[in-house]
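Right, one structure below, let's go through it.
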Amino acid sequence: TSIVNDTDIVPRATTYNVVILNKLLLKINEKLTQKGMSPDGILSAYKLAKDLSGYDDKCLMTPDELDAFFEETHKEDIADEDNLFVPGRVVALYEKGVVAATKSRVLENGEEDLDIKTKPREAYGATVSHGGLRAMRCIEPRLEMMTDHMTSGYREAIDSVCQG
């Protein structure tokens with residue numbers, strides 16, 4: 001049994017996944033080019049930097065476009081090809097969000113007090129599958145890609161799953 005923490009890049013760093021990531025980056029560059037923001041010249045790089053420095057709700061790719069991209073790239077069954085997979089049964093840990101944690105204590109009168117606030121914590125879930133699990137077949141570019149590989153990241157996620 002193998003355990004993979006959320007967006008940990010190490011078990012996802014397969015040739016197949018790097019090819020998929022390259023296709024995604026090419027798609028992003030195509031979108032940037034359409035908007036005149038592909039950083040291939042000083043003016044377009046300036047336009048991109050200006051766009052990135054602001055905040056708006058205009059995404060480069062909509063969630064539907066991104067879903068369609070991954071549907072298309074994952075159509076083919078790669079299980080029979082010479083691709084590396086995380087071996088055996090895989091417990092994939094995934095982030096569900098942040099929960100406000102509380103601790104309880106028993107008061108002198110025997111009642112339970114749930115109002116003791118503790119530091120909010122990440123809430124994780126887990127699914128059991130195999131190395132060909134769709135979530136394992138892509139590299140999700142996020143800041144946590146490397147920290148999810150650290151022991152502390154695994155410890156936090158496993159503790160969260162055990163606590164429910």
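Pro11 approaches Met136 most closely through the heavy-atom pair CB-CE, 4.0 Å. The shortest non-hydrogen separation linking Tyr124 to Asn5 is CE2-OD1, 3.9 Å. Listed here is the closest heavy atom pair of Lys23 and Thr73: CD-CG2, 4.4 Å. Contact between Lys35 and Cys59 at its shortest, heavy atoms only, is NZ-O, 4.4 Å. Nearest heavy-atom pair across Ala157 and Leu93 is CB-CD1, 3.7 Å. Scanning all heavy atoms of the two residues, the minimum distance from Met37 to Leu48 falls at O-CB, 3.4 Å.
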(message) Does Asp6 form a side-chain contact (heavy atoms from CB on, under 4.5 Å) with Glu144? I'd like the steps, not just the answer.
(response) CA-CA 9 Å; Asp6 205 16; Glu144 297 86 3; 5.7 Å; no
(message) Quick one, Ile20 with Phe70, criterion side-chain contact (heavy atoms from CB on, under 4.5 Å). Give me CA distance, side-chain angles, the key distance, then yes/no.
(response) CA-CA 9 Å; Ile20 296 296; Phe70 282 114; 4.0 Å; yes
(request) Under the side-chain contact (heavy atoms from CB on, under 4.5 Å) rule, what do Ile9 and Met146 come out as? Steps first, then yes or no, please. (result) CA-CA 6 Å; Ile9 190 169; Met146 293 304 292; 3.5 Å; yes
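Distance check: Ile158 CD1 to Ser160 OG gives 10.5 Å after rounding to the nearest 0.5 Å. Separating the CZ atom in Phe69 from the CD1 atom in Ile28 is a distance of 8.5 Å, to the nearest 0.5 Å. Annotation: the span from Asn17 atom CG to Asn22 atom CG amounts to 12.5 Å, rounded to 0.5 Å. Note: Glu72 CD to Asp67 CG = 13.5 Å, rounded to the nearest 0.5 Å.
Side-chain atoms of Arg12 do not come within 3.5 Å of backbone N or O of Glu140 as any donor-acceptor pair. In terms of modelled atom types and a separation under 3.5 Å, the side chain of Ser38 and the main chain of Leu32 share no donor-acceptor contact.
Asp8 and Tyr154 share a side-chain donor-acceptor pair at under 3.5 Å.
Counting heavy atoms of neighbouring residues, nucleotides and ligands inside a 6.0 Å radius, atom CG of Leu26 exceeds 12 of them. Residue-environment remark: CE (Met61) exceeds the threshold of 12 foreign heavy atoms within 6.0 Å. Enclosure of atom CG in Leu52 by more than 12 non-hydrogen atoms of other residues, nucleotides or ligands within 6.0 angstrom is indicated.
Counting only heavy atoms from C-beta outward, the side chains of Val90 and His130 never approach each other to under 4.5 Å. Proximity of Pro141 to Leu21: side-chain heavy atoms (C-beta onward) are separated by under 4.5 Å at one or more points. Within the 4.5 Å cutoff, the side chain of Lys47 has no heavy atoms near those of the Leu43 side chain. Side-chain contact between Ile139 and Thr7 is absent, with no heavy atoms from C-beta onward closer than 4.5 Å. Leu66 has its side chain within reach of Leu24: a pair of non-hydrogen atoms, C-beta onward, lies under 4.5 Å apart.
Under a hydrophobic clustering in which Ile, Leu, Val, Met, Phe, Trp and Tyr are joined whenever their side-chain heavy atoms come within less than 4.5 Å, directly or via other members, Met150 and Val4 fall into different clusters.
A salt bridge between Glu65 and Lys27 is absent, with no side-chain N of the basic residue lying under 4.0 Å from a carboxylate O of the acidic one. The existence of a salt bridge linking Arg142 and Glu95 is confirmed by a sub-4.0 Å separation between a basic side-chain nitrogen and an acidic carboxylate oxygen.
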